[in-house]
Amino acid sequence: MSEPVAALNGAIFAGGIADVWEVPLQGMITLRGDLANARLTKAVASVLSGKVPQPGRTTITADRGAAWMSPDEILILCAYDEASSTLAALEKALDGFHALVVNVSDARASFRVSGPPAREVMGKLCPVDLSPAAFTSGMFRRTRMAQVPAAFWLCDDDTFQVICFRSHAQYVFDLLSVASQGGSGVGVY
Amino acid sequence: MSKRHSTGGRLLNREKALHFTFNGQKFSGYEGDTLASSLLANDQMLVGRSFKYHRPRGVVAAGAEEPNGLVNMGEGGRFEPNQRVTTTELFDGLTARSQNHWPSLEFDIGVVNSRLARFLPAGFYYKMFIHPRPFWKYIYEPFIRQSAGLGQAPKEPDADTYEHFYHFCDLLIIGGGIAGLQAAKTAAKSGARVMLIEQTGHWGGRAVVDGGMVDGDPVDNYVEQTVAELAALDNVTLRTRMMGAGVYDHGYVLGYEQLRDHLPGSMGPRHRLWRIRAGHIVTATGAIERPLSFAGNDVPGVTLAAAVRDYLVNYGVSIGQRTVVVTNNDDAYRTAFALHDAGLSVPAILDARTGLGKTDMRERAEARGITVMAGHAVASVKGGKRVTGIAVCKQEGAGAVVQEIACDAVAMSGGWSPVVHLWSHCGGKLQWDADHAFFRPDADKAPTGDAGQPFVTVAGAANGALKLADILEDADAGARAAAAQIGHKIRKSKSPVAQREEEAPLEPVWLMPAEAEVKLRSKAWLDYQNDVKVSDVQLAAQEGFESVEHAKRYTTLGMATDQGKLSNINGLAILSDALGRPIPQTGTTTFRPPYTPISMGAIGGEARGEVFQPLRRTPMHDWHAAHGADWEPVGHWRRPYAFVRDGERLKDSVNREVLNTRRNLGLLDASTLGKIIVKGPDAPKFLDMMYTNMMSTLKPGKCRYGLMCSENGFLIDDGVVARLDEQTYLCHTTTGGAERIHQHMEEWLQTEWWDWQVYVANVTEQYAQVAVVGPNARRALEKLGGMDVSKEALGFMEWADGTLGGFKVRAYRISFSGELSYEIAVDASHGLALWEKLMEAGAAFGVMPYGTEALHILRAEKGFIMIGDETDGTVIPQDLGLDWAISKKKEDFLGKRAQARRHMTDPKRWKLVGLETLSGAVIPDGAYAIGEGTNANGQRNVIGRVTSTYYSPTLDRGIAMGLVLYGPDRMGEVISFPGTEGATFKARIVDPVFYDKEGEKQNV
Amino acid sequence: MLILTCPVCSVTAEETEFHGGGEAHLTRFGPGASEEEFENYLFMRENPRGVHFERWRHVYGCGKWFHAARCTTTLEVFGTYPAQTLEPPKTLRAQISKKRPGWFWRGFE
Amino acid sequence: MKRYSVFAVAREAARYHSGWERAWRNPEPKAKYDVVIIGAGGHGLATAYHLGKRFGVKRVAIVEKGWLGGGNTGRNTTIIRSNYLQDPSAALYEKSRALYETMSQDLNYNVMFSPRGVIMLAQTHHEVRGYQRTAHANALQGVSTEFITPTRVKELVPIINIKGPRYPVLGGLWQARGGTARHDAVAWGYARACSDMGMDVIQQCEVTAIRRKDGKVVGVDTTRGAIDCEKLGIVVAGNSGHVAGLAGFRLPIESVALQALVSEPIKPCMDVVVMANTVHGYMSQSDKGEMVIGGGTDGYNNYTQRGSFHHIEETVRALIETFPMVSRLKMLRQWGGIVDVTGDRSPILSKTPVENVFINCGWGTGGFKATPGSGWAMAELIHKGHGPLTDDFGLNRFREGRFIDESVAAGVAH
């Protein structure tokens, strides 16, 4: 098997008000099912050593954890090369239980936006209140980024991680780069 | 003449001179100047020509309401027409040219229109230019268009960038005058998130020009202190050069921030359009002074009284050296005082108020030795390109001249109108205030928000409070009310107290003199830019254009770039007088966003060039680009239409790709095809509803071609469904269908069959998919090595998981070309590697990549339908002879009931057939087959149309598919397709399968 | 530019995160339905000046469909509720009655 | 009625225009008319006009709750074209376009019909095929259109960027005799002509009830009293559902907001109307010099005549991509209108379940161009009960599944 290649092969934008870079491939698994059901929470715990996240929240730290996508769906993050084993483990743990587990590691692209103005860069593209008071660590938000769907959370006070569809990677990277261009600081956060 | 004084000019930095050009002539001004103030400082009183009569025009105002001072500004990629001189901050190197004249500003041929003014009253063009018919397009209209319009059209692409920004606050306060500042100060105490925006570069608005005392201090100090206090607060955001452009539903406000218009070329976006969502909005947008309607009130030098004051105090510029003040209220006296105190001559104040007694202001004027002529008015203004004097008459009467006064400027004031635009944008209603003769917001009829709550409060002059003390009180009260609206309490605290100046009441004066005869009325301007005069509005009324909307549209009053900021109320008053109806019953006009024009660039935001729209790429995109791909947009995807080799014409490339795929081996990037996982105990039942076919009977390991219809019966998508296991299917959709069909499935599962146990997931982008097509397909895959792809191990319409060349893949044995064909799916991150490996392995077997056009031809040769070609949203499967794919056993599926409707079962529906031109030529795309005669509307009867038509390199002839009346029953018949260039194409109706009718090749 | 609150993920967001889906609480008619029933189901629409019940999907968010009660003349949103309901909830109808006495929509009031 | 002409204007100029009479009378409603038309917009007035001109039916009242021409007639982007795909549409819109050619002379009122030409840009292969299909259909329908090359497009529209990086222009469907007209003038000209025929144009008169007897209409109640009539025409775009409700029947219609905007006026730079459906924008330049731009419709029922701003943003960025110079212009004014959208996006000109009540609605975003043709056809429908131009546009088509779908050839009705 060849070396897996991320959508933009690790693109980087620097020199603006915030830095933007593509995050290396990550294991991502979509799990759909009754999130309240013990079978499911147990299965999740077994592969994550963590709980099913609460609505609108994520348990992701570094490149592991889960994020709440909708009342019957979570997104599980793990190392890229652990995706298939995690998938298998989940399927095993959920055998005979009505749930859907699929590997979407290759269907996505991830970026980080970092720097004190990161909230403002994101605020140029997403119709979300990103003031420090309103958007805090541990929140997970699915929304619109300019003209495409995206989801993001805070890695630290001034770093966002953004997930989008793989085919949109270049567009999203370009958007974030334009929004980070020099001289475009807003100065409200 | 207008000139700059050695002293004064609170906004100027006289240390820093700036240089600019106007009509090529070099001028200089100071930092802090506007283009208007610096032009006036250089005695450039003539700034433009009016829209209709090309009359010479000068600056009449000092702010956003200016109707005359519009210029072409900048060069090349930074050229922009219609820039308002009164709001353009001067910068070094600014270049401006005046507009709407030929050959020059001083001498304009178009002024002939002015001589003809009597023949060109309101709506004249509705009554003329009717005969002869062709003349309108070829003679009249071109002339009218040429003489109309204002600035030049930009020629080069915009050199600047723009952006948007989403902002959220509890309280948005619009307007940085003392009302806005005080409102912010009060509101900030509540702890709410407050934002205060000001359209100019300066805080304090009019008050700092007009002066006055607050808490015993000059108002300037109050402004300075308040700004400093607010800036220090964490819960307050202050922005200057940012206009509240529009108020929209549910507390949505557009903020138009001009970041670099005053320092063009510096790094960063030029404008930022803020999309602000506010819990509540306070508009503290002030008031605008009204002109007076007298003959010659448009001669350069006739200026709003407050503007005269602004230029003097803010910029040390006097418009005239001898200025007559004409007014119907006390405020204009301040202009007389300011001029007089600056050592300029004020020969007289014409106070039109007939009942004017001994007022405080009058005494202060006379104390200065200024003559106050009570009950007097301007009969007419002398001078053409600038004022040389005025004729005085009584306000009562028809305008008999009592004396003439030489002067070089006239400062006029007809009273003030609150700026209620933002209040009105989203439905706020107005009430007429007879005492002050203006419309003010009706607080009981505020715009309402998402919960039905009022979400706009008006404060200060915008709310009708015109005096310093009243403004501060009103602002404080407004802020409290606004904060309360969003659940914030503000503890009582003493609000600043301003010293009161006694003012005598204003007397409405809508026409000067009151009984002015028509000669004067037809020289008394209401709308300067659009050249609408008192006589025009009166004519509209006379002709029955009684509603304000009719009158405005008939006369074009208030339709110019200033949107009637100066003219609306004056025009309305004239109309109401002409109709003998009180003003409130005559109506008001609707205010539409934006408050002043905003750049299209800002509205477009970042969406230009590369990020105009998302462009979706497959993992192999760059490889295609590097190998001559000629792209075809499919939705937001780009797919190679063909891979063009050096020296090849596009159609040659397509033919080469088709032939090579038939003879050797072709590779197609099929990654864009939709792939949707459907899983659950009820998945079979669900897919039986989604597809017209029976999917529940499909065996794991097998594939089946399926059709999807809308509930309205029409074919919306097709694709191969693979059953992965008892409870799991993978459904392929068309490229355009992936998201659409995924959402279609979700919709039915969530809103109709929510008790069914089914989950779906769109995994389209998880996989790169490569179609390996042609007689050598199997050999190429075997060369890669890995899974068994023999006929026995992987039969036609079967799929299997395995490895190929070390790649973990899923191989589908399906064919859209009629050839031996495999579709190989691999994780997207390995897509490019697999593609390259296949090219490498295929080299020995004559592999070539092929694009979408070859794909179309290959399928057309086989008579396979294509969604979007054979279907167009009006076609049902039965039309396409796909009855075999419509389950008769199923009681129900989406579209079944619809397909039973009268018109759907009509035997007259056109049906799919193949078409072979007798000559072998290719029938043009979209051609129709003609029948006999014409229909009731005289249109030629048609009996069919082409849906797909190509040159088939395989058969070396034109082939086509089409929908034809009774088609399947007319095999062998010849029908005619007229082209658009005269030629007619005769074609024989044949079976749509042109190639390998037995289907042996795909089955080997 | 509306703001709506998705009752499924309880996110409050602007209109552009959602997608309007037309009249709510339609009953599907399939094979066996009369011409009139089927025509009504597919085409005939409530189009009131005032209280309306409609479908929305939180397309850029949790992806779920929900229902909203909204006034078409003021754009006031009276409330949102899950799509898996066959008729407007009683409590919501009561709230609407407080604000719009005498309202009616189809059979409901 | 005093005829309008350059001589009349000159004569009046001598006496400062004191002699001009009212363009239309302002009558009190009579007790009874042969025909009452609800709605004094362009379509309603045109219907009345043709009832009089074609069939001599002149005891007609046109009742209007607001001011004549105050609805969508005065809010649209004034585009006139007939390059439609389906036969029934092409017939109706071409009849309308032809009537525009002579309207100024017919009405003795200059409506400034300007046949400057309309281009619909083809920016994808799919659109190319779609417009070639339309061109073929038009040729057989007697509608004069042609599919033109990118070079020809550039000649006709110098400010266009045909090599757009994203959607290069691949061609266009060109209708040389399409164009624009002065929308208000159309309503005013018809009102003047109707009034001159003795018809009553009654403004500020809202219909509050439609009186019926044994399934037949007998009259209407209005805010200015009861009016009896033999026949009733409902022509109230934006209110169709409401008024149909008064007559006791439902419509396959939803009302949504459609937005438009104009730029500040500039000197002439674009002589034709350009529609770019791939990127969803269309633009023309008015005689005043404003760039007149059409936006999209909202996805929800709305009677506020205020749309959502993001549609304006979509339209403007599309136009900047197609016409880069637009970026340095300014938006002067934006507004919204309420359009009635039917199940197949085509209009309804039809009998109704109530005998002698006829309805004209559902023009969606494309009503202005149809004004005279709609009036011509509607008059015939009301007078005869049927007509070749209206037969296909009946309400029954939704039940039968016999739709008139114009979206199929990538064409969007504007």
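So that the names make sense, note that chain A is the first sequence line, chain B the second, and so on, each numbered from 1.
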Check whether Ser599(B) gets within reach of chain D through its side chain, its backbone, both or neither, counting any heavy atom under 4.5 Å.
both
Any donor-acceptor pair under 3.5 Å linking the side-chain atoms of Gln538(B) with those of Arg521(B)?
yes
Among Ala148(B), Gly605(B), Gly713(B), Pro924(B), which residue has the highest count of heavy-atom pairs closer than 4.5 Å to chain D?
Ala148(B)
Proximal component of His425(B), with respect to chain D [non-hydrogen, under 4.5 Å]
backbone
Residue part contacting chain B, namely of Gln203(D), when any heavy atom lies under 4.5 Å
side chain
Chain D contact via Gln613(B) - side chain, backbone, both or neither, heavy atoms under 4.5 Å:
both
Ring-face cation contact, Tyr4(D) with Arg192(D), 6.0 Å cut, 45° max
yes
Most heavy-atom pairs under 4.5 angstrom with chain B, which of Val111(D), Asn26(D), Leu389(D)?
Leu389(D)
Which region of Leu615(B), side chain (C-beta onward) or backbone (N, CA, C, O), has a non-hydrogen atom less than 4.5 Å from a non-hydrogen atom of chain D, or is it both or neither?
both
Side chains of Glu146(D) and Thr980(B) only: does a donor on one sit below 3.5 Å from an acceptor on the other?
no
Would you check if the side chain of Asn302(D) reaches a backbone N or O of Thr304(D) as a donor-acceptor pair within less than 3.5 Å?
yes
Indicate the ring-plane relationship of Phe403(D) and Phe714(B), choosing parallel, tilted or perpendicular according to the 30° and 60° boundaries.
perpendicular
Do the side chain of Gln123(D) and the main chain of Pro168(D) share a donor and acceptor less than 3.5 angstrom apart?
no
Checking heavy atoms, do the side chain of Ser18(D), its backbone, both or neither come under 4.5 Å from chain B?
backbone
Checking Val316(D) against chain B: side chain, backbone, both or neither under 4.5 Å from a heavy atom?
side chain
If you draw the axis of the six-membered ring of Tyr167(D), does the NZ or CZ of Arg638(B) fall within 45° of it and under 6.0 Å from the ring centre?
yes
Thr315(D), part contacting chain B, at a heavy-atom distance under 4.5 Å
neither
As an exercise, state the distance from CZ of Arg78(B) to CG of Asp158(B), rounded to the nearest 0.5 Å.
8.0 Å
Can you tell me which of Met112(D), Arg129(D), Gln132(D) forms the most heavy-atom pairs within a distance under 4.5 Å of chain B?
Met112(D)
Do you know which of Tyr554(B), Tyr928(B), Phe545(B), Phe612(B) has the most heavy-atom pairs with chain D at a distance under 4.5 angstrom?
Phe612(B)
Given heavy-atom pairs under 4.5 angstrom as the criterion, report whether the side chain, backbone, both or neither of Phe309(D) touches chain B.
side chain
Regarding Ser327(D) and Arg608(B), do their side chains bring together a donor and an acceptor under 3.5 Å, going by distance alone?
yes
Taking side chain as everything from C-beta outward and backbone as N, CA, C, O, which of these in Tyr252(B) sits under 4.5 Å from a heavy atom of chain D? Side chain, backbone, both or neither.
side chain
So, does Asp344(D) use its side chain to make a donor-acceptor pair with the main chain of Asp405(D) at under 3.5 Å?
no
Exercise: identify the closest heavy-atom pair between Arg116(D) and Asp271(D):
CB-O, 3.0 Å
Measuring heavy-atom distances to chain B, does Phe147(D) have an atom under 4.5 Å in its side chain, in its backbone, in both, or in neither?
neither
Here the salt bridge (charged side-chain N to carboxylate O under 4.0 Å, His left out) pairs for residues 13-24 of chain D, sequence neighbours left out, are Glu546(B)-Arg22(D), Glu12(D)-Arg15(D)
Looking at Thr874(B), Asp249(B), Val946(B), Leu70(B), which one has more heavy-atom pairs under 4.5 Å with chain D than the rest?
Asp249(B)
In terms of heavy-atom proximity below 4.5 Å to chain B, should His183(D) be classed as side chain, backbone, both, or neither?
side chain
Could you check whether Lys288(D) makes a cation-pi contact with Phe51(B), meaning its NZ or CZ is under 6.0 Å from the centre of the six-membered ring and within 45° of the ring axis?
yes
Engaged part of Gln542(B) at the chain D interface, taking heavy atoms whose separation is under 4.5 Å
both
With chain B as the partner, which of Arg317(D), Gln334(D), Glu101(D), Met270(D) has the greatest number of non-hydrogen pairs under 4.5 Å?
Gln334(D)
Honestly, the part of Asp87(D) sitting under 4.5 Å from a heavy atom of chain B is both
Which region of Ala8(D), side chain (C-beta onward) or backbone (N, CA, C, O), has a non-hydrogen atom less than 4.5 Å from a non-hydrogen atom of chain B, or is it both or neither?
neither
Look at Met325(D), Gln285(D), Glu321(D) and state which one has the largest set of heavy-atom pairs under 4.5 Å with chain B.
Glu321(D)
Which bit of Asp869(B) is near chain D, if near means a heavy-atom gap under 4.5 Å: side chain, backbone, both or neither?
side chain
Quick one: does any side-chain atom of Arg75(D) pair with a main-chain N or O of Gly336(D) as donor and acceptor, under 3.5 Å?
yes
Aromatic ring pairing His125(D)/Tyr641(B), orientation class (parallel under 30°, perpendicular over 60°, tilted between)
parallel
Does any N or O in the side chain of Glu406(D) come within less than 3.5 Å of the main-chain N or O of Leu85(D), such that one atom is a donor and the other an acceptor?
yes
Who among Arg145(B), Arg940(B), Gln99(B) has the most heavy-atom pairs with chain D under 4.5 Å?
Arg145(B)
Examine whether an atom of Leu261(D) lies under 4.5 Å from a heavy atom of chain B, and if so say whether it belongs to the side chain, the backbone or both; otherwise answer neither.
side chain
Given that the side chain runs from C-beta out, which part of Asn72(B) has a heavy atom under 4.5 Å from chain D: side chain, backbone, both or neither?
neither
Look at Gly74(B), Ala927(B), Gly938(B) and state which one has the largest set of heavy-atom pairs under 4.5 Å with chain D.
Ala927(B)
Proximal component of Pro142(B), with respect to chain D [non-hydrogen, under 4.5 Å]:
neither
Please work out whether the ring planes of Trp188(D) and Trp24(D) are parallel, tilted or perpendicular, with thresholds of 30° and 60°.
tilted
For chain B, the option from Leu92(D), Thr124(D), Leu329(D) that forms the most heavy-atom pairs under 4.5 Å
Leu329(D)
Not counting sequence neighbours, which residues clear side chain to side chain donor-acceptor pair (under 3.5 Å) with Asn138(D)? List them please.
Gln141(D), Thr145(D)
Tyr126(B) portion near chain D, given a 4.5 angstrom heavy-atom threshold:
both
Side chain, backbone, both or neither of Val634(B) within contact of chain D (heavy atoms, under 4.5 Å)
neither
Under a 4.5 Å heavy-atom cutoff, which of Ser147(B), Ala898(B), Gly151(B) has the most pairs with chain D?
Gly151(B)
Do Arg270(B) and Tyr162(B) meet the cation-pi criteria used here (NZ or CZ under 6.0 Å from the six-membered ring centre, within 45° of the axis)?
no
Select one option (side chain, backbone, both, neither) describing which atoms of Ile293(D) are under 4.5 Å from chain B's heavy atoms.
side chain
Does any backbone or side-chain atom of Ile320(D) lie under 4.5 Å from a heavy atom of chain B? Answer side chain, backbone, both or neither.
side chain
Strictly distance-based, threshold 3.5 Å: is any side-chain N or O of Arg133(D) a donor or acceptor partner for the main-chain N or O of Asp925(B)?
no
Between Arg166(D) (side chain) and Glu610(B) (backbone), is there a donor-acceptor pair under 3.5 Å?
yes
Can you tell me which of Cys269(D), Ser5(D), Gly289(D), Ala139(D) forms the most heavy-atom pairs within a distance under 4.5 Å of chain B?
Ser5(D)
Which answer fits Tyr138(B), side chain, backbone, both or neither, if we ask what part of it has an atom under 4.5 Å from a heavy atom of chain D?
side chain
Chain B heavy atoms under 4.5 Å from Asp287(D): which part of the residue, side chain, backbone, both or neither?
both
